[in-house]
Asker: 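Take this structure, written in structure tokens, and hold onto it; I'll ask about it next.
Reckoned from all heavy atoms, side chains included, excluding hydrogens, waters and symmetry mates. None of the values given here were measured: they were computed from a predicted structure.
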Amino acid sequence: MFTIGDFARHGRVSVRMLRHYDATGLLRPAHVDPATGYRHYTAAQLARLNRVIALKDLGFTLQQVQDIVDEKVTTEELRGMLRLRRAELETAVAAAGARLVQVEARLRAIESEGRMPTNDVVIKAVPAVRVAELTATAASFEPEAIGPVIGPLYDELFRRLGAAGITATGPGVAYYEDAPEGDGRISIHAAVQVSAPLQDGAVRVLDLLPLGRAATIVHRGSMDAVVPTAQTLARWIDANGYRAAGYPREINLECPENRDDWVTELQAPVIPA
């Protein structure tokens with residue numbers, strides 16, 4: 001047998017944790033000296049300890065862990081619990097990855113301060129264009145709020161266009177407005193160029209107004225990392241005697257499967273300051 005200290009070292013856990021597991025009934029010592037109260041464990045109990053630690057690290061409560069190791073749940077119930085936990089962990093990993101992208105984008109924006117490449121921005125007129133679109137609302141104009149809304153919106157748009165027999169004739173055009181409900185909410189218009197008649201059906205077909213003067217810049221990479229490019233455009237507008245007259249449009253010039261290879265033109269409507 002092992003003393004509690006030896007067992008803790010072999011199990012790579014703390015003595016305090018073993019005492020807690022004893023108090024909750026999750027892992028009782030094999031023997032307790034009636035005279036001294038010292039706890040003793042066997043090597044065979046390492047197997048139960050390993051299962052307890054593994055299940056706890058998966059996020060199960062101690063009561064759930066005890067039910068599992070005491071075989072109070074069926075195999076099918078355990079399978080369902082593990083599938084649910086896997087889905088929760090996958091969601092958490094995806095959210096952490098998205099936050100990391102935003103942190104890296106903000107870091108690049110900070111690093112590029114004072115080194116604005118003026119030759120990247122072009123002033124031009126943008127003609128009217130006919131588009132088919134679907135609209136939804138996002139909580140804010142932050143990339144992490146826009147991305148989860150606009151992606152499914154485009155998927156649904158192309159599904160409806162296919163069902164209606166309408167073929168895209170040009171790139172996607174995303175544009176934004178302040179939502180009527182306010183509170184910083186944004187109306188997202190996921191659109192694509194078409195040559196179909198004007199209509200309000202399964203998708204709305206309309207003529208998007210021209211921009212008489214737009215400051216434009218090309219962003220290369222995922223739109224989740226657009227912040228440095230957008231801020232370069234904003235600095236150029238401010239430094240060259242203009243002010244923005246609305247949200248920039250996003251023209252999807254190239255959209256391969258790898259989002260890091262996307263090419264998107266930002267078109268910010270401007271007027272003299």
Asker: Which word best sums up how the rings of F2 and F7 line up, parallel for under 30°, tilted for 30 to 60°, or perpendicular for over 60°?
Answerer: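 Judged by the thresholds at 30° and 60°, the geometry between F2 and F7 is tilted.
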
Asker: For the pair V218 and D120, evaluate side chain to side chain contact (heavy atoms under 4.5 Å, CB included) and give the outcome as yes or no after the intermediate values.
Answerer: CA-CA 8 Å; V218 173; D120 284 351; over 6 Å; no

Asker: Could you tell me which non-hydrogen atom of I188 sits nearest to which non-hydrogen atom of A138, and how far apart they are?
Answerer: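 Between these two residues, the closest heavy atoms are CD1-CB, 3.6 Å.
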
Asker: Determine, using the 4.5 Å side-chain heavy-atom cutoff (strictly less than), whether I146 and V226 are members of one ILVMFWY cluster.
Answerer: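 In one cluster with I146: V226, no.
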
Asker: Return yes if a side-chain donor-acceptor contact under 3.5 Å exists between T264 and H219, otherwise no.
Answerer: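 No, because no side-chain N or O of T264 sits under 3.5 Å from a partner of the opposite role on H219.
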
Asker: Side chains of V121 and L233: closer than 4.5 Å at any heavy-atom pair?
Answerer: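 The answer is yes, as the side chains (C-beta and beyond) meet within the 4.5 Å cut-off.
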
Asker: If you compare all heavy atoms of S14 against all heavy atoms of A8, which two are closest, and at what distance to 0.1 Å?
Answerer: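 So the minimum-distance heavy-atom pair works out to C-CB, 4.1 Å.
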
Asker: Let's go through V129 and D207 carefully: what are the C-alpha distance in whole Å and the side-chain angles of both, what is the deciding distance for side chain to side chain contact (heavy atoms under 4.5 Å, CB included) to 0.1 Å, and is it a yes or a no?
Answerer: CA-CA 6 Å; V129 60; D207 289 328; over 6 Å; no

Asker: About how many Å separate CD of E77 and CD1 of I68, when rounded to the nearest 0.5 Å?
Answerer: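 I68 CD1 to E77 CD: 10.0 Å, rounded to 0.5 Å.
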
Asker: Is P171 close to Q193 at the side-chain level, that is, under 4.5 Å between some pair of heavy atoms?
Answerer: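 Yes. Closest side-chain heavy atoms under 4.5 Å.
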
Asker: Kindly say whether A191 contributes a backbone atom to a donor-acceptor pair with the side chain of Y154 at under 3.5 angstrom?
Answerer: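 Here the side-chain-to-backbone pair exists.
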
Asker: Looking at A145 and S140, what are the two nearest heavy atoms and their distance?
Answerer: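 In this case the closest contact between A145 and S140 is CB-OG, 3.4 Å.
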
Asker: Between R259 and D224, is the closest basic N to carboxylate O distance under 4.0 Å?
Answerer: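 Answer for the salt bridge query: yes.
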
Asker: Any heavy-atom pair between the side chains of W262 and R220 that's under 4.5 Å?
Answerer: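 No; the side chains remain at least 4.5 Å from each other.
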
Asker: Is there a chain of hydrophobic side chains (I, L, V, M, F, W, Y, each step under 4.5 Å between heavy atoms) that links I217 to V263?
Answerer: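 No, it is not one cluster - the side chains of I217 and V263 are not joined through contacts under 4.5 Å.
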
Asker: Are I4 and Y38 side-chain neighbours, meaning at least one heavy-atom pair lies under 4.5 Å?
Answerer: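 No, every pair of side-chain atoms sits at 4.5 Å or beyond.
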
Asker: Quick one: are H40 and T3 in side-chain contact, heavy atoms under 4.5 Å?
Answerer: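 Side chain of H40 against side chain of T3, heavy atoms only: contact under 4.5 Å found.
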
Asker: Quick check: closest heavy atoms across G5 and V15, and the distance to 0.1 Å?
Answerer: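 It is CA-CG2, 4.0 Å.
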
Asker: Can you tell whether the side chains of E265 and K124 come within less than 4.0 Å, N to carboxylate O?
Answerer: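 Yes, this pair counts.
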
Asker: Take L27 and H20 through the test side chain to side chain contact (heavy atoms under 4.5 Å, CB included) and record every step on the way to the result.
Answerer: CA-CA 9 Å; L27 180 59; H20 179 62; over 6 Å; no

Asker: Distance check, rounded to the nearest 0.5 Å: E156 atom CD versus L161 atom CG?
Answerer: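 These two atoms lie 10.0 Å from each other.
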
Asker: When rounded to the nearest 0.5 angstrom, what is the spacing between CZ in R16 and OH in Y21?
Answerer: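 Rounded to the nearest 0.5 Å, the CZ-OH separation comes to 12.0 Å.
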
Asker: Rounded to the nearest 0.5 Å, what separates atom CG in D155 from atom CZ in R159?
Answerer: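 With rounding to 0.5 Å, CG (D155) is 10.5 Å from CZ (R159).
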
Asker: Would you say L49 and V65 are hydrophobically clustered, going by side-chain heavy atoms of ILVMFWY under 4.5 Å?
Answerer: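 Yes, same cluster.
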
Asker: Taking atom types as modelled, is there a side-chain donor on T61 or Q63 under 3.5 Å from an acceptor on the other?
Answerer: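 No, no side-chain donor-acceptor contact under 3.5 Å.
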
Asker: Would L82 and L62 show up in the same hydrophobic cluster when neighbours are defined by side-chain heavy atoms closer than 4.5 Å?
Answerer: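 Yes; tracing contacts between hydrophobic side chains, which count when under 4.5 Å, links both residues.
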
Asker: Identify the heavy atoms of V192 and A168 that sit nearest to each other, and give their distance.
Answerer: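 Result for this residue pair: CG2-CB, 3.6 Å.
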
Asker: Taking C-beta and beyond as the side chain, do I123 and T216 meet within less than 4.5 Å on heavy atoms?
Answerer: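 No - every pair of side-chain heavy atoms lies 4.5 Å or more apart.
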
Asker: In Å, rounded to the nearest 0.5 Å, how long is the span from CZ of R19 to CZ of R39?
Answerer: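 One gets 6.0 Å once the value is rounded to the nearest 0.5 Å.
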
Asker: Could you tell me whether the side chain of D33 and the main chain of A35 form a donor-acceptor pair under 3.5 Å?
Answerer: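 Side chain of D33 to backbone of A35: a pair is present.
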
Asker: Please report the C-alpha distance between E142 and I186 in whole Å, then the side-chain angles of each, then the deciding distance to 0.1 Å, and finally whether the side chain to side chain contact (heavy atoms under 4.5 Å, CB included) criterion is met.
Answerer: CA-CA 10 Å; E142 296 172 303; I186 299 294; over 6 Å; no

Asker: Passes salt bridge (charged side-chain N to carboxylate O under 4.0 Å, His left out), D70 versus R48? Steps please.
Answerer: CA-CA 10 Å; D70 288 344; R48 183 179 177 96; 2.8 Å; yes

Asker: May I ask you to test the L208-Y175 pair for a side-chain heavy-atom distance under 4.5 Å?
Answerer: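 Side-chain contact under 4.5 Å: yes.
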
Asker: Does T42 offer a backbone N or O that forms a donor-acceptor pair with the side chain of Q45 under 3.5 Å?
Answerer: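 The answer is yes, because a donor-acceptor pair under 3.5 Å joins these two groups.
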
Asker: For L18, is there any backbone N or O sitting under 3.5 Å from a side-chain donor or acceptor partner on D22?
Answerer: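 Checking the backbone N and O of L18 against the side chain of D22, no donor-acceptor pair under 3.5 Å is found.
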
Asker: Should the pair W236 and Y242 be assigned to parallel (<30°), tilted (30 to 60°) or perpendicular (>60°) ring geometry?
Answerer: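 Rings of W236 and Y242: parallel, under 30°.
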
Asker: Verify whether one side chain among D178 and Y247 offers a donor that lies under 3.5 Å from an acceptor in the other.
Answerer: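 Y247 and D178 do have a side-chain donor-acceptor pair below 3.5 Å.
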
Asker: Tell me whether R51 at atom CZ has more than 12 heavy atoms from other residues, nucleotides or ligands lying less than 6.0 Å away.
Answerer: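 Result for CZ/R51: open.
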
Asker: Just to verify, which of V205, L206, T169 counts as forming a side-chain contact (heavy atoms from CB on, under 4.5 Å) with R130?
Answerer: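 Only one option passes, and that is V205.
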
Asker: Would you say V126 and V173 are hydrophobically clustered, going by side-chain heavy atoms of ILVMFWY under 4.5 Å?
Answerer: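 Hydrophobic grouping puts V126 apart from V173.
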
Asker: Do Q66 and Q64 get their side chains close enough for a donor-acceptor pair, meaning under 3.5 Å?
Answerer: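 The criterion, which ignores hydrogens and geometry beyond distance, is not satisfied for Q64 and Q66.
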
Asker: Drop me the distance from E133's CD to L153's CG, to the nearest 0.5 angstrom.
Answerer: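 Separation between the atoms: 9.0 Å.
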
Asker: Does CD belonging to E181 count more than 12 external heavy atoms closer than 6.0 Å?
Answerer: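 Counting other residues, nucleotides and ligands, CD of E181 exceeds 12 neighbours.
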
Asker: Within the 3.5 Å criterion, strictly below it, is a donor on Y176 or E250 matched to an acceptor on the partner's side chain?
Answerer: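 There is such a pair (donor and acceptor under 3.5 Å, judged by atom type) between the side chains of Y176 and E250.
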
Asker: Between G147 and P152, which heavy-atom pair has the shortest distance, and what is it?
Answerer: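 So the two residues come closest at O-CD, 4.3 Å.
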
Asker: Tell me, do L134 and R160 make a side-chain contact under 4.5 Å, heavy atoms counted?
Answerer: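 A side-chain contact exists here, since the closest heavy-atom pair is under 4.5 Å.
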
